[in-house]
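The structure appears right after this line, and notes come after that.
Please read these numbers as outputs of a predicted model, since none were measured by experiment. Letters go in sequence order (proteins before strands), and every chain restarts at 1.
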Amino acid sequence: MAGEVTVRLPDGSARTLPAGSTAADLASAIGRRLAADALAAEVDGELVDLRRVLPDGATVSIVTPASDQGRAVLRHSTAHVLAQAVTALWPGAEYAIGPAITDGFYYDFDLPGGARFTDADLERIEAEMRRIVGEDQPFVREELAIHDALSMFAGQAYKREIIAGVAQQGEPGFGAEAAGDVAPGATTVSIYRNSDAFVDLCLGPHVPSTGRLGHFKLQRVAGAYWRGDDKRPQLQRVYGTAWESAKALEEHLHRLEEAERRDHRRLGADLDLFSFPPEIGSGLAVFHPKGGLMRRLMEDYSRQRHEAGGYEFVYSPHITKSDLFETSGHLDWFADGMFPPMELDEGQRYYLKPMNCPFHIMIFKSRQRSYRELPLRFFEFGTVYRYEKSGVVHGLTRVRGLTQDDAHIFCAREQMAGELESTLTFVLDLLRDYGLDDFYLELSTKPPGKAVGTDEEWEEATTTLRTVAESMDLDLVLDEGGGAFYGPKISVQVRDAIGRSWQLSTVQLDFQLPQRFAMEYVGADNARHRPIMIHRALFGTVERFFAILLEHYAGAMPTWLSPLQVVVLPVRDDHDAYARHVAATCAAAGLRAEVDPASEPLGARIRRHRMQKVPYVLVVGDDDVPAGTVGVNRRGTKDPDKGVFLDVVVAAVAAEVAAHGLPERGGDVAVVR
RNA sequence: GCCUGGGUAGCUCAGUGGUAGAGCAGCGCACUCGUAAUGCGCAGGUCAGGGGUUCAAGUCCCCUCCCAGGCUCCA
């Protein structure tokens with residue numbers, strides 16, 4: 001009907017407004033609070049400004065701050081304010097792009113005269129931003145013809161490049177779908193103006209005015225290459241975070257602190273677990289006795305499970321002649337990630353191995369194989385070396401020397417789906433035993449231009465993996481083009497105690513290496529067949545898994561993985577003999593226990609062992625010696641449990657260890673700072 | 001590799017041109033104590049390494065090494 005438009009709301013209801021009404025009008029019509037809260041709107045799946053006129057029949061929802069979309073809008077608007085502040089403080093600064101990202105935003109700049117931001121500049125910029133927010137400047141959208149836009153951004157090379165890209169092909173993310181009213185091969189672009197001082201090329205949407213912003217904080221500066229390309233100019237990137245309320249901002253900053261407190265590098269030093277002596281080299285860790293013990297416990301349990309799961313244990317050397325990696329294709333595809341070769345007398349080149357697979361293939365090929373043997377599952381904690389670029393090494397999670405809990409399954413094609421399924425089940429079960437239980441799966445497909453093998457092979461492998469992944473009853477996300485050069489993979493992503501996700505296990509399907517190495521087995525038909533190969537690592541790498549567990553538990557490892565499980569504290573010297581008896585009783589039950597004698601006050605000793613996150617601290621004094629009891633301080637509890645019979649405590653702890661129990665996962669967080 | 005910020009005692013850090021400091025940890029002695037730091041003392045540093053400026057350098061300049069964050073979120 002002329003003169004009116006009818007729109008549909010998220011709850012299914014419809015509302016009729018005068019023609020020409022905007023999203024803001026709709027919000028007002030729904031309610032005063034919504035009108036005050038509204039930041040933007042979603043019209044037929046497209047995010048738009050509140051000032052957008054609503055078309056008849058549209059499905060509309062109002063975007064408010066405390067939503068993912070709302071936060072994205074206000075972060076992006078805050079990025080604009082950042083750019084406005086920087087251009088005010090550095091006249092002539094060029095600004096490139098400034099998107100919203102997870103938890104925040106950034107903007108990339110090219111400052112006049114090659115100037116660089118310093119940390120101190122962040123404060124000045126932030127002050128200027130707060131001034132702009134205080135002026136409550138409206139964000140005003142305009143459409144410009146391409147040639148007008150090019151002249152408007154005459155001094156802005158990066159903006160001009162973006163506009164030129166739009167003009168050429170209607171860049172993805174621009175043009176038709178995003179601007180809504182612009183056809184593909186667009187001839188116009190949109191800009192946003194706030195005050196006369198600042199205008200930016202932008203799709204929008206934006207908050208109505210800068211006064212709607214304010215709960216933000218600039219965090220750091222960093223270099224970032226234009227378009228992520230290290231052959232192009234490096235820009236100065238400013239990162240910040242922005243939220244819908246002071247409370248949300250504060251909570252986010254607190255989460256960052258919490259993550260820092262859990263940083264495995266810090267815990268590794270505090271708990272004396274491992275270190276990275278610069279004398280050894282970047283990305284090369286040493287494990288100290290306590291860390292070594294934890295690592296051995298992790299590995300031993302894994303070995304036990306693998307043995308029960310039908311894996312056979314193999315060993316292979318750390319270096320090999322180049323031939324092996326020429327055949328495998330690694331030297332063609334992975335040479336950048338490998339340490340340079342060692343040249344021997346006869347001109348023979350030896351490489352440190354970056355992967356274990358070719359060695360396991362050699363074991364397969366050491367004699368003729370029969371179909372009766374398949375599937376063959378070879379397992380090894382294989383230490384490999386990868387030349388990570390100096391800027392990317394990070395604690396134990398990105399290192400240059402690493403140990404994979406690596407196995408290769410060789411099977412007949414018809415066994416493939418079944419093996420994949422049992423492997424995935426095995427993976428998830430094992431990870432749960434370490435206390436991780438929040439998973440999702442990711443399917444990585446053929447990397448364009450960086451893969452070997454035919455499309456048909458990739459198609460078959462990918463379909464098989466997808467089918468198996470879908471049967472797992474977990475969320476599955478697609479990682480287009482993320483596969484290895486020899487095959488697609490499923491990776492298991494795990495969310496830790498503070499909600500971060502980590503890529504752990506990978507299961508890769510491989511038709512290529514069996515072919516390159518001319519692997520075969522004799523089938524029941526007495527003919528030769530090519531086996532399928534499945535690569536899989538559950539921890540990913542032992543070092544990285546160690547770091548993830550450490551952060552997941554904030555250093556308070558479950559008792560079965562704690563290097564020291566029980567410390568016994570005699571109140572006075574004359575309780576020593578009984579304390580030793582208590583420790584010996586624990587040891588006899590298979591627990592790792594120590595006595596810390598009374599050369600220091602009790603309070604000091606309690607404090608030290610609590611900070612070292614020992615699961616059980618037992619105190620014995622005058623009351624305990626005659627009664628055969630102990631005072632039990634369980635990690636994560638505030639008050640001791642006094643006068644508990646020794647055999648009761650020992651039995652309980654031993655049972656907890658046997659069950660891999662998790663009494664209070666990370667529960668002492670609030671107590672120890 | 002590149003950008004920004006760092007490197008001072010085992011650890012955390014103070015010290016911006018004029019005699020290298022603190023707390024914790026370590027060692028010694030005393031204290032013998034019932035639930036998150038007992039007291040006193042001692043030792044510990046070519047201020048990352050090298051070069052330069054200066055009467056004088058931890059401090060200013062240059063080079064190298066190492067560490068952290070970022071360079072993957074694309075108007």
(Q) For a quick check of understanding: with a heavy-atom distance under 4.0 Å over all strands, which category does A:Ala224 fall into, base, sugar-phosphate or nothing? (A) sugar-phosphate

(Q) Tell me whether A:Arg52 is salt-bridged to A:Asp49, with the criterion being a basic N under 4.0 Å from an acidic carboxylate O. (A) no

Q) Out of B:C73, B:C33, B:U35, which nucleotide sits closest to the side chain of A:Pro601? A) B:C33

Q) When we call it a touch if two heavy atoms are under 4.0 Å apart, what does A:Asp623 touch: a base, just sugar-phosphate, or nothing? A) base

**Q.** Nucleotide of B:C73, B:G69, B:U32 approaching A:Asp573 most closely (side-chain heavy atoms)
**A.** B:U32

Q) What is the nucleic acid contact for A:Ala598, judged by heavy atoms within less than 4.0 Å: base, sugar-phosphate only, or nothing? A) base

Q.
What's A:Asp622 touching, base or sugar-phosphate or nothing? Going by heavy atoms closer than 4.0 Å.
A. base

Q) Between the base of B:G34 and the side chain of A:Asp624, is there any donor-acceptor pair under 3.5 Å? A) yes

Q.
For A:Phe105, give me all partners under ring-ring contact (aromatic ring centres under 6.0 Å, His included), at least two apart in sequence or on another chain.
A. none

Q. Within the pair A:Ser282 and B:C66, is there a side-chain N or O less than 4.0 Å away from OP1 or OP2?
A. no

Q. Mapping A:Gln234 and A:Pro640 onto RNA chain B by nearest heavy atom, which one lands closer to the 5' end?
A. A:Gln234

**Q.** Options B:U4, B:G34, B:G70, nucleotide nearest the side-chain atoms of A:Val221
**A.** B:U4

Q) Do the ring planes of A:Tyr107 and A:Phe109 sit parallel (below 30°), tilted (30 to 60°) or perpendicular (above 60°)? A) parallel

Q) Taking the nucleotide of RNA chain B with the closest heavy atom to each, which residue, A:Leu235 or A:Asp263, is nearer the 5' end? A) A:Leu235

Q: Would you tell me if any nitrogen or oxygen in the side chain of A:His609 comes within less than 4.0 Å of OP1 or OP2 on B:A36?
A: no

Q. Counting any heavy atom closer than 4.0 Å, what does A:Phe117 reach on the DNA or RNA strands: base, sugar-phosphate only, or nothing?
A. sugar-phosphate

Q | Nearest listed nucleotide, side chain of A:Ala604, among B:A37, B:A36, B:G1 | A | B:A37

Q) So, is A:Arg265 near the phosphate of B:G69, with a side-chain N or O under 4.0 Å from OP1 or OP2? A) yes

(Q) Ring-plane angle category for A:Phe274 and A:Phe287, please: parallel below 30°, perpendicular beyond 60°, tilted otherwise. (A) tilted

(Q) My understanding is that only residues two or more places apart in sequence, or in another chain, count here; which of them pass salt bridge (charged side-chain N to carboxylate O under 4.0 Å, His left out) with A:Glu244? (A) A:Arg71

Q. What does B:G44 pair with, Watson-Crick or G-U, if both distances are under 3.5 Å?
A. none

(Q) When both hydrogen-bonding distances must be under 3.5 Å and the geometry is Watson-Crick or G-U wobble, what is B:U38 paired with, if anything? (A) B:A30

(Q) Is there a side-chain contact between A:Arg220 and the phosphate of B:G69, meaning an N or O under 4.0 Å from OP1 or OP2? (A) no

**Q.** A:Arg610 side chain, from C-beta outward: closest of B:A36, B:G34, B:U38
**A.** B:A36

Q | B:U16: pairing nucleotide in any strand, Watson-Crick or G-U under 3.5 angstrom | A | none

Q) Any idea which of B:U4, B:C74, B:G1 is nearest the A:Pro99 side chain? A) B:C74

Q: Kindly indicate whether the side chain of A:Tyr225 and the base of B:G70 share any N or O donor-acceptor pair separated by less than 3.5 Å?
A: no

Every protein N/O within reach of nucleotides 47-49 of chain B N/O, cut-off under 3.5 Å:
none

Q. Taking only N and O in the side chain of A:Tyr239, is any of them less than 4.0 Å away from OP1 or OP2 of B:C71?
A. yes

(Q) With rounding to the closest Å, how many angstrom separate the P atoms on B:U59 and B:C47? (A) 10 Å

Q.
I need the minimum non-hydrogen distance between A:Leu267 and A:Ala554, along with the two atoms involved.
A. CD1-C, 3.7 Å

Q: Quote, to the nearest angstrom, the P distance that separates B:A37 from B:A57.
A: 46 Å

(Q) Please classify the nucleic acid contact of A:Gly621 as base, sugar-phosphate, or nothing, using heavy-atom distances under 4.0 Å. (A) base

Q | Test item: A:Arg266 side-chain N/O and A:Arg261 main-chain N/O as donor-acceptor pair under 3.5 Å | A | no

Q | Flag side-chain contact, heavy atom, 4.5 Å: A:Arg572 against A:Asp622 | A | yes

Q. Contact class for A:Gln236 vs. all strands (heavy atom < 4.0 Å): base, sugar-phosphate, or nothing?
A. sugar-phosphate

Q | Closest contact, heavy atoms only, A:Arg262 versus A:Ile498 | A | NE-CG2, 3.5 Å

Q: Tell which nucleotide pairs with B:A68, taking only Watson-Crick or G-U wobble pairs whose two distances are both under 3.5 angstrom.
A: B:U4

Q) Within the structure shown, what part of the strands sits under 4.0 Å from A:Val630 by heavy-atom distance: base, sugar-phosphate, or nothing? A) nothing

